[in-house]
Chemist: 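A single structure is presented below for examination.
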Amino acid sequence: MIRKASAHLVLLALLVAGILVSVSIGQLGVGPQGAVGSLLDSVGWETSWIPQPEIMNASLQQIRFPRALMSILVGAGLAVAGAVMQAIFGNPLAEPGVVGVSAGAALGAAIAIATGVTVFGVWGVAVAAFAGGFLSTVLVYLVSRSQGRTEVVTLLLTGIAVNAFAGAGMALVMFLGNTASREQIVFFQLGTLNGSRWPEVVAVLVVTVPSVILCWVLARQYDLLALGERTAAHLGIRVERLRGISIVLVALLTAVGVAFAGIISFVGLVVPHLLRMILGPGHRMLIPASMLGGAVLLTWADTVARTTVTGADLPIGMLTALIGGPFFLYLIIRSRRRAGGWA
């Protein structure tokens, strides 16, 4: 228990440090004291630490603070979604992209960008991305159901088919679109938190926080499911109902993140799997740890994305892929060795 509590405290400390670093450095460097002063000023607490000139204070409150909070919410949501996926599939290599959420959301966003949809104003692309991700998940789930139960293998294969279809659809949209829409679609595919503002943060907050709480409430059922479907059913768990609710929660967490930040890969794979190796399989500890771990990873990754190249904003999805790709390869090699597949 002490080890698990210590891990959570370490993650919390890394998150606080990441937030301070993220909001303190950039083209307008203010330092940690200036960042704390601006935060206190934003909640009405008068202090002499407020950065000067006023444009620096405004930059923190209107640009950096919402961007930092967006990185926390998106990272936490993706990591918790990954932990839930791994729980319901019983596979440590599962992650949200498996069921086509990310690809469907990207296709919806691409169509909105190419057609210049204005039904929802500035929220048009985000709404289309959310709808695409959610509909693709519903499609995969319905196709995979047979005789009142969900066939996991069929679900995974259907997810692969949806990913392939969405990829082809995006290629067609990019081919038919103009140069400006192509560039916007490509940047969306790579993922970015640039342009995050308070209205977008509130939208992600409203979806992410209740979904994460529900995932944590279901933690005990995930632990029982790990004993096997038959055992879980004998212990009173309605497996199909649990799996259906979980897939909806995964769709919500992933689709809302993709809608406002683009495709950010491997967070849902790397974070929960790494924390499971440290904390063990218990989901009452794993889910909140994944929430903190995802927030830590994306906060620090976004800081690197903002500051590595002067005057430029690197795609954050590219950075997470650089981290997650080698880790994914390591997991495959590790699982093969344990299974005795390699000498």
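For the single chain, residues carry numbers from 1 onward in sequence order.
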Chemist: Enter the distance from Ser22:OG to Leu20:CG here, rounded to the nearest 0.5 Å.
Modeler: 9.5 Å
Chemist: Among residues at least two apart in sequence or on other chains, which ones pass ring-ring contact (aromatic ring centres under 6.0 Å, His included) with Tyr222?
Modeler: His283
Chemist: Examine Val138 and Val248 and state if one hydrophobic cluster contains both, with Ile, Leu, Val, Met, Phe, Trp and Tyr joined whenever side-chain heavy atoms are less than 4.5 Å apart.
Modeler: yes
Chemist: With sequence neighbours excluded, tell me which residues meet side chain to side chain donor-acceptor pair (under 3.5 Å) with Ser211.
Modeler: none
Chemist: In the single-linkage hydrophobic clustering (I, L, V, M, F, W, Y; side-chain heavy atoms under 4.5 Å), do Val23 and Leu12 co-cluster?
Modeler: yes
Chemist: Heavy-atom distance under 4.5 Å between the side chains of Val173 and Ile185, does that happen here?
Modeler: yes
Chemist: Do Leu15 and Val10 belong to the same hydrophobic cluster, where Ile, Leu, Val, Met, Phe, Trp and Tyr are linked whenever their side-chain heavy atoms lie under 4.5 Å apart, directly or via other members?
Modeler: yes
Chemist: Between the side chain of Ser71 and the main-chain N/O of Ala68, is any donor-acceptor distance below 3.5 Å?
Modeler: yes
Chemist: Which atom pair, heavy atoms only, marks the closest approach of Gly75 to Val267?
Modeler: O-CG1, 3.9 Å
Chemist: So that I can tick it off, tell me whether Arg243 and Glu229 are bridged by a salt bridge, with the cut-off set at under 4.0 angstrom between side-chain N and carboxylate O.
Modeler: yes
Chemist: Kindly determine whether Arg197 and Val201 satisfy side chain to side chain contact (heavy atoms under 4.5 Å, CB included), including the steps that lead there.
Modeler: CA-CA 6 Å; Arg197 299 295 182 266; Val201 171; over 6 Å; no
Chemist: Side chains of Leu253 and Leu78: closer than 4.5 Å at any heavy-atom pair?
Modeler: no
Chemist: Can you sort out the partners of Arg306 under salt bridge (Lys or Arg N to Asp or Glu O under 4.0 Å), two or more places apart, ordered by chain and number?
Modeler: none
Chemist: Indicate the atoms forming the closest heavy-atom contact of Thr137 with Gly133, along with that distance.
Modeler: OG1-O, 2.9 Å
Chemist: Val209 and Leu11: same hydrophobic cluster, using ILVMFWY side-chain contacts below 4.5 Å?
Modeler: yes
Chemist: Are the side chains of Leu227 and Leu235 in touch, meaning some heavy atoms are under 4.5 Å apart?
Modeler: yes
Chemist: Are Ile113 and Leu172 joined in one hydrophobic group, where the rule is that I, L, V, M, F, W and Y side chains link up if heavy atoms are under 4.5 Å apart?
Modeler: no
Chemist: Say you draw a straight line from CG of Leu218 to CG of Leu224; how long is it, rounded to the nearest 0.5 Å?
Modeler: 11.5 Å
Chemist: Testing the basics here: between Trp216 and Arg284, what is the closest heavy-atom pair and its distance to 0.1 Å?
Modeler: NE1-O, 3.2 Å
Chemist: Indicate yes or no: at least one non-hydrogen side-chain atom of Thr254 is less than 4.5 angstrom from one of Ser102.
Modeler: yes
Chemist: Is there a side chain to side chain contact (heavy atoms under 4.5 Å, CB included) between Asp302 and Met70 once you walk through the steps?
Modeler: CA-CA 10 Å; Asp302 185 53; Met70 181 68 87; over 6 Å; no
Chemist: Decide yes or no for Thr192 and Pro315: does some side-chain heavy atom of the first lie under 4.5 Å from some side-chain heavy atom of the second?
Modeler: no
Chemist: Indicate whether the side chain of Gln221 and that of Arg238 have a donor and an acceptor atom separated by less than 3.5 Å.
Modeler: no
Chemist: Taking all non-hydrogen atoms of both residues into account, name the closest pair between Ala289 and Leu279 and its distance.
Modeler: CB-CD1, 3.4 Å
Chemist: Just so I know, are the side chains of Trp198 and Phe65 near enough to count as touching, which here means a heavy-atom distance under 4.5 Å?
Modeler: yes
Chemist: What are the two closest non-hydrogen atoms of Cys215 and Leu249, and how far apart are they?
Modeler: SG-CD1, 3.8 Å
Chemist: If you apply the rule side chain to side chain contact (heavy atoms under 4.5 Å, CB included), what do you find for Leu190 with Ile263, and how did you get there?
Modeler: CA-CA 6 Å; Leu190 296 175; Ile263 298 178; over 6 Å; no
Chemist: Do Pro66 and Glu200 come within less than 4.5 Å of each other through their side chains, counting heavy atoms only?
Modeler: no
Chemist: Only one of Thr308, Leu298, Val21 passes side chain to side chain contact (heavy atoms under 4.5 Å, CB included) with Thr303; say which it is.
Modeler: Val21
Chemist: Roughly how far apart are Leu107 CG and Ser136 OG, rounded to 0.5 Å?
Modeler: 9.0 Å
Chemist: Can you find a heavy atom in the side chain of Val101 that is under 4.5 Å from one in the side chain of Val258?
Modeler: no
Chemist: If you take all heavy atoms of Thr320 and Phe266, which pair is closest and at what distance?
Modeler: O-CB, 3.9 Å
Chemist: Could you give the distance from NE2 (His273) to CG (Leu286), rounded to the nearest 0.5 Å?
Modeler: 11.0 Å
Chemist: Determine, for Arg67 against Asp313, whether the closest basic-nitrogen to carboxylate-oxygen distance falls under 4.0 angstrom.
Modeler: yes
Chemist: Between CG of Leu242 and CD of Glu240, what distance do you get to the nearest 0.5 Å?
Modeler: 9.5 Å
Chemist: Please report the interatomic distance CG(Asn178) to CD(Glu183), rounded to the nearest 0.5 Å.
Modeler: 9.5 Å
